[in-house]
Structures are given as C-alpha cells and as structure tokens.
Amino acid sequence: MRVAKIVVASCLLLSGFKAVAQKPADVKMNNYIRNLMAKMTLDEKIGQLNLPSIGFDVTGPILSKGVEEKIQKGQVGGVFNTYTPNAVRKLQELALTKTRLKIPLLFGYDVIHGHRTIFPIPLGLSATWDMPLIQKTARAAAVEATADGLNWVFSPMVDIARDPRWGRVSEGAGEDTWLGMQIARAMVTGYQGSDLRRQDAVLACVKHFALYGASEAGRDYNVVDMSERRMMETYLPPYKAAIDAGAATVMSSFNEINGVPAAANRWLLTDLLRKQWGFNGMVATDYTAVMELVNHGVGDSAEVARKSLYAGNDMDMVSELFLTTLKQSVTEKKLDVAVIDLACRRVLEAKYRLGLFDDPYRNISTARAEKELMNTEKLALAKEAALKSIVLLKNDSSALPLKAGRKIAFVGPMVKDQRNLIGNWSGAGDWKKAVSLWSALQAQYPENKFTYAKGCNLLDDEALISKLNPHGAEIALDAKSPSDLIKEAVDHAKDADVVVAFLGEPFGMSGEAASRSDIGLPLNQQNLLKALRSTGKPVILVLMNGRPLILQWEHDNMAAIVETWYAGTRAGDAIADVLFGKYNPSGKLTMTFPRNVGQIPIYYSAKNTGRPMSNEKYTSKYLDVLNTPLYPFGHGLSYSKFTYGDIVLNKIAIKANDKLQATINVRNNGEWAGEETVQLYIRDMTGSVTRPLKELKGFQKVMLKPGESRDVTFTLSAADLKFYDINMKYTTEPGDYKLFIGGSSADVKETEFKLM
Ligand code: BGC
C-alpha cells in the first residue's frame with residue numbers, strides 16, 4: 001500500500017509532463033499476440049520475462065546457469081552476451097525446434113560505441129557535436145551487430161552526468177541536457193533505422209532509467225535524491241527525447257530515486273514513462289537489479305520480484321527471480337496474473353516489431369558477417385569519428401602541429417599501446433586490430449627521426465592494478481625500475497627538439513564500477529611528466545582517458561594538451577593526423593574539466609547566487625580556488641584562430657509566436673582551414689523561478705578556409721525559451737533575455753532581447 005501512496009504523490013508532482021497520446025494500436029500485431037498468448041501456459045509466459053546472460057564476458061557477479069536447457073524448457077525470452085551467426089543460430093534453433101510454441105528469442109548485447117569496429121567512447125563521440133556523424137556510427141554498429149546475429153543493443157546511455165568522479169561519464173554525452181537530447185535522438189534513429197523489421201535494424205534500449213548519472217558523490221550505484229525541478233529540467237529530457245524518437249526498449253537503472261529504487265519504482269516506470277510519456281515498448285531491468293532490491297531493503301526475493309514487475313519492468317536481467325518466484329506469488333494470490341500477462345505481451349510485441357515471428361534468423365550468415373564486419377567503409381567512419389572527437393585543450397605558441405622533420409621523443413606507455421585504445425564496453429571489439437599511435441607514425445613517416453621510451457608503467461599502484469587486472473586490464477610492471485624508466489625517457493627528451501608524452505587512464509579506470517575520488521593522472525605518470533618538464537624541452541601531453549581529469553599542473557607546465565579519449569579502432573591514425581596537422585582539431589568538450597576535485601559538481605549552466613563571486617569577503621566562492629573551471633563546456637581549440645563579430649538581431653523583441661534571428665560573423669584568422677562549432681546560449685534574466693546563467697540552445701558547425709569569414713544565422717523561436725515555471729507548467733514567460741554566441745560557453749559575444 002505504501003507503493004500506491006508514493007505513486008499518487010509523485011504523479012501530482014510531475015504533472016508538468018503532458019500525457020502523450022498512445023500510438024494507434026497495431027490491430028494485426030494485437031491479434032497475433034492475443035492468439036499466441038491464448039495458447040501459453042503461465043510458465044511459458046513467465047519464461048518470456050527471463051533474460052539471462054550467456055557467456056563470452058562477465059559484466060557482473062552472476063552468469064546464469066544452464067541457459068541452453070532453460071531455452072528448451074521455454075524458460076527464456078531473450079539472452080545477451082552471445083553473438084556470431086553460428087552461436088545465435090544454434091540458440092535460436094533451440095527455441096524454434098525444441099519449445100512447444102516456437103517463440104523466437106531476443107539477442108541483446110552492449111553495443112555501446114560500435115560493435116566490431118569500435119568508435120570513440122560516447123563521451124568522445126559527443127565532443128564531435130556532429131549529429132549526422134553520431135547517427136552514422138550507430139547505424140554502422142547496428143549493421144555489424146545484426147550481421148553478427150544480434151537484434152537488440154543496450155544503448156544509448158543518455159544519463160546526464162556532472163560528476164567526473166563517476167566512471168560512467170565515459171558512456172554518456174556529458175553534462176548538457178539540450179545537447180544530450182540531440183544525441184539521444186541521433187543514436188536511436190541510427191540504431192533502429194526507419195523500419196525495425198529490416199534485417200539491419202536493432203531495438204535500441206535507452207538507459208539507465210532514470211537519473212543514474214546523479215549518483216551521490218560520483219560513487220557508482222549510489223542513491224539519488226533530487227528535486228522534481230532538477231529532474232524535469234535537467235535529467236529527464238534526454239530519456240524523453242529518445243523515447244519520442246521511437247526507442248523500442250528502456251533499461252531501468254540501479255539507483256534509487258528519492259527513496260524508491262528505480263527497479264521497483266512504479267511511479268517512474270508506469271506513471272511517468274508509460275502513462276505520461278506514452279511509451280508503449282518493453283522495459284528490462286539492469287543486471288541483477290531485481291535481486292539487488294533485497295539489498296536496498298525492499299523485501300525478500302519473492303516480494304522484490306513482484307514489486308519490480310508491478311512497477312513496470314518486463315524482463316528480469318540475470319536475477320531469475322521472475323522465473324523462480326512469480327508463479328508461487330500467483331498461487332498465493334499475492335500477484336494478479338494480469339500483471340504477468342502485460343509484461344509478457346510487451347516482450348512478444350518487441351519480437352513482433354522486429355519481425356522475428358516471420359523471420360527469426362534475420363538473414364544471419366557468416367557470408368553477411370564477413371561482408372559487413374570491419375569493412376573499409378566502417379573503418380573509414382571510425383577514423384572520421386576519432387578525428388572529430390579529439391579536443392585540443394591547450395596549445396601555447398603553436399607548439400602543435402608537429403613538424404615531421406624534427407627530432408621528436410615519443411614517451412609514455414600509451415604510445416605503443418593497443419589494449420586501451422578501444423576503451424570500455426567494446427566487448428566484441430578486438431583490441432589487437434586497433435591502430436597504435438606508434439604504428440601509425442611508422443607507417444606515415446617511415447623516414448622519421450622519432451624515438452620512443454616507455455617512461456613509466458601504465459600504473460605503479462599495485463593495489464589498483466590488482467583491482468583492474470581481473471577485468472582484462474593486462475597491466476604488467478616493467479622489469480626496469482620506475483626511476484630507470486624515467487631516466488631513459490629523460491635522456492631521449494634531452495636529445496630531442498620536442499617531447500610528446502602519451503599518458504592517461506588504463507581503460508579499466510573509467511566505465512562501470514570505476515569511480516575515483518582523485519581524478520588526476522596516476523602518480524607515477526605525473527612523476528614522469530615532472531622529470532620531462534625539468535629538461536626544459538617543450539612537452540606536449542596527449543591524453544587517453546574516459547572522464548574529465550584534474551590537469552591544473554599539466555596546464556601550467558605543458559606546451560600543449562590533446563584529449564583523445566579512447567578513440568577506438570583507428571585511434572592511432574587519428575591522433576597522428578592531429579599531431580602533425582593533417583587534420584585540424586575541431587572537438588569541443590561536452591563536460592567541464594574542474595581545477596580540482598573540490599569544485600565538483602561544476603557545470604556551465606549553473607545558477608547565480610545572491611552574492612556572485614567578487615573580491616569582497618562575503619561572496620560565493622572558495623578561499624583556495626577560483627569558481628571557474630580549468631576547461632569549460634564547449635571549449636576546444638583549433639590550429640586556426642576563429643574571431644567573432646558582434647551579434648546582430650533581426651529584432652530586439654519577439655512575441656510568443658515569433659522567431660528571432662541572430663547572426664554573427666565568424667572569421668578564420670589563422671593559417672589553417674578548420675571547422676568551428678559556433679554555440680548559442682541564452683539566459684532568462686528574470687523568471688517566476690531562477691534560471692541558469694547560460695543554457696545551450698543551438699550550435700552550428702562551419703568549415704572555414706584561412707582568411708574566410710561567414711555569417712552564421714540562428715533562428716530561435718519563443719518555444720525554445722520554455723521552461724518549468726513556478727507551477728511546474730512548461731511555458732514561456734515574457735521578460736528580458738540575454739543571448740550569447742561563441743566558441744565555448746565561457747568565450748562568447750553577448751546581446752539582449754525581450755519576449756513580449
Ligand atoms: C550495466 C548496463 C549493461 C548491463 C548488461 C550492467 O552492469 O549497468 O549498462 O547494459 O550490465 O551488460
């Protein structure tokens with residue numbers, strides 16, 4: 001009964017989200033599923049709700065046992081963690097030949113940033129600010145995944161994240177709601193295509209619903225306690241955007257929300273998701289999340305299974321508590337069979353939408369796999385994505401680009417590394433096929449005067465290594481001592497014109513269950529950098545990592561800093577092209593880089609206070625660090641210099657149904673052709689509730705030759721100014737606005753207009 005109370009209270013709170021009309025019922029599908037379900041026993045229905053993991057890799061504490069046997073007994077609705085045409089065919093055959101009703105299986109997998117061809121991690125992809133490109137990477141991933149037997153991907157992850165201590169910031173699109181919405185749409189459209197029945201379309205799965213990115217203190221799986229306003233304004237819109245783009249499935253999250261775990265939260269999964277947002281697809285839990293409800297303190301195994309199903313989950317990922325307890329709950333009259341029917345129907349609908357009942361194998365064959373997996377076209381796309389994801393954070397006195405004829409000392413354990421380039425969640429990716437920086441350099445500059453020294457181990461911290469190695473990190477300590485490694489690198493540096501140090505986080509230091517309280521470079525790597533710096537040679541720091549790092553010392557001491565994330569299969573080629581100027585870097589940060597950990601959470605769309613920072617004592621600031629970040633949202637340099645004219649508005653006041661045009665002249669004043677991402681922000685100066693200092697509302701990418709200039713025009717409609725007012729109504733309010741345009745959130749031209 002407590003659940004019912006929570007539901008009612010929360011519904012009232014969230015009345016701001018308008019109910020969306022249900023899509024017209026698909027009569028044919030309904031008839032088909034009704035007939036099928038009429039033949040199903042209760043056991044068979046419960047079987048459809050079971051989603052075991054089958055093998056290949058371990059993403060959690062439990063691998064479901066005896067899956068093949070369970071498939072034959074009709075106790076499995078879908079599986080994940082298996083692929084290849086042969087493996088999938090074998091299991092699908094079991095379902096189609098050994099079970100009474102021959103219901104085909106779903107085959108899911110964590111296809112997160114590419115399947116076999118690996119693109120940059122999602123945080124890196126978001127730094128491209130290139131929606132058509134992001135969509136293409138999702139399409140390419142879907143083509144590969146389907147050729148490999150899959151029909152369901154656990155992506156996109158659209159959790160807004162503002163705490164870089166959380167390792168999973170690497171899997172999302174950063175801190176901004178508006179940008180996150182665009183990326184959510186692009187990914188869903190890319191995965192699902194225009195018709196789910198096509199053999200190269202997969203079901204997308206929006207995750208982790210909801211608010212997982214707000215885990216307290218950046219500690220994974222931790223509680224979320226959040227105001228209704230913040231949910232509505234900041235965290236929920238990207239999930240909604242993905243659903244409006246047609247996402248067929250949703251994954252509920254591990255975290256609790258204001259005291260009720262998402263996996264048992266009926267307000268979240270039924271009232272908000274289905275009733276208010278009109279979502280009519282299927283919801284799966286996250287890995288063992290049903291079982292974990294016992295730890296949350298929700299009840300015993302049988303009770304948590306009931307609560308989680310009733311909340312609106314349809315498939316139980318790995319826990320197998322639906323399988324083992326629901327029937328008993330029905331017998332004991334603790335659960336209405338209609339709740340099971342509803343979930344079963346949704347699972348069957350997902351299968352129907354994919355066309356699985358007509359074509360359960362979807363043309364999977366080794367021939368198709370050979371044609372599609374890692375073909376030339378996809379490898380070219382991987383390079384393009386890698387190039388565009390790289391962000392030039394700092395570049396003093398044109399330290400970059402490098403000149404190939406010079407003596408360059410390449411230093412650092414990442415230079416020859418392949419293992420880390422494809423990053424986290426690249427389960428089907430083969431790191432041995434990833435191009436290292438060193439091999440790209442040798443291929444491109446065979447006559448070079450480059451030297452290499454490892455300089456340090458990836459990590460020296462044995463306690464940390466022992467946590468990472470069981471999960472595939474393969475970090476080994478060099479036979480040489482740390483001081484010998486440094487000495488060797490310093491000798492190389494002394495002999496060179498310039499030093500390039502390639503350092504960062506081994507991939508296991510970001511991603512799931514990889515929260516860090518200190519987000520600097522590992523200490524042994526910092527020691528190496530200090531030694532290199534002391535040679536007096538210019539040092540260029542190239543970074544490979546999955547989150548904003550603390551880089552204040554590096555910023556103060558390095559000649560240039562290049563952020564490459566985990567750039568994927570073609571990482572080395574792309575990094576070489578950026579370093580030597582074959583590609584002029586164009587990536588822009590989608591997450592703020594703090595000056596120190598104490599500033600977290602820090603994000604550009606913060607609000608003012610009554611006492612904005614100044615030199616006065618009683619103002620909102622720290623005694624020991626500035627309020628500003630080291631690198632703000634939207635920041636990213638180019639080898640060119642872009643200069644902005646003043647903003648010209650076509651009117652200074654608009655009415656509620658008007659559009660405003662803002663034009664700015666952008667000039668390339670440098671010597672390199674380059675692409676700039678021109679960003680538009682607004683500030684609502686007065687509202688019935690306080691508004692952020694800046695909110696991103698648009699961007700355009702412009703390619704400019706040296707000396708070329710272009711007028712860039714944005715059209716803003718009054719609807720773009722909507723927000724949740726004091727009554728939580730999504731509306732506009734007349735008043736004064738500021739409008740900013742520039743190359744980063746902290747470097748903008750500014751003007752004003754009125755909404756009448
Ligand atoms: C992660 C999900 C992932 C699932 C299946 C979980 O641990 O939170 O993002 O999709 O495992 O591998």
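The shown structure was predicted, so the numbers you read here are calculated from the model rather than taken from an experiment. Numbers here are sequence positions counted from 1. Each ligand, and each atom within it, is numbered from 1 in the order the structure gives.
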message: Please tell me whether Asn545 and Glu563 have a donor and an acceptor in their side chains that are separated by less than 3.5 angstrom.
response: yes

- prompt: Do Asp220 and Tyr212 have a side chain donor and acceptor closer than 3.5 Å?
  reply: yes

- prompt: Hey, is ligand 1 close enough to Tyr287 that some N/O pair sits below 3.5 Å?
  reply: no

message: Please list, in number order, the atoms of ligand 1 under 4.0 Å from a heavy atom of Asp286.
response: 1 (C), 2 (C), 3 (C), 4 (C), 6 (C), 7 (O), 8 (O), 11 (O)

task: Apply ring pair (Phe, Tyr, Trp, His ring centres under 6.0 Å) to Phe633 and list each qualifying residue two or more places apart in sequence or on a separate chain.
output: Trp129, Tyr604

query: Would you say the side chains of Asn86 and Thr84 form a donor-acceptor pair under 3.5 Å?
result: no

- prompt: For ligand 1, is there an N or O atom under 3.5 Å from any N or O atom of His208?
  reply: yes

Candidate with minimal heavy-atom separation from atom 5 (C) of ligand 1, of Asn81, Val111, Thr285, Asp110: Asp110

- prompt: Can a non-hydrogen atom of Met251 be found less than 4.0 Å from any atom of ligand 1?
  reply: yes

- request: Can you sort out the partners of Phe154 under ring pair (Phe, Tyr, Trp, His ring centres under 6.0 Å), two or more places apart, ordered by chain and number?
  value: Phe80, Trp152

- request: Check whether any N or O atom of Glu171, backbone or side chain, sits under 3.5 Å from an N or O atom of ligand 1, and answer yes or no.
  value: no

- prompt: Of all the atoms in ligand 1, which lie at a distance below 4.0 Å from a heavy atom belonging to Phe80?
  reply: 5 (C), 12 (O)

message: Are any of the N/O atoms on Tyr212, whether in the backbone or the side chain, positioned under 3.5 angstrom from an N/O atom of ligand 1?
response: no

- request: Run the ring-centre check on His115 versus Tyr83 and record whether the distance is less than 6.0 Å.
  value: yes

field: Numbered atoms and elements of ligand 1 in range of Lys207, under 4.0 angstrom, heavy atoms
entry: 2 (C), 3 (C), 9 (O), 10 (O)

- request: Output, in order, the C-alpha distance, side-chain angles, deciding distance and verdict of salt bridge (charged side-chain N to carboxylate O under 4.0 Å, His left out) for Arg345 and Asp314.
  value: CA-CA 9 Å; Arg345 179 152 62 75; Asp314 304 312; over 6 Å; no

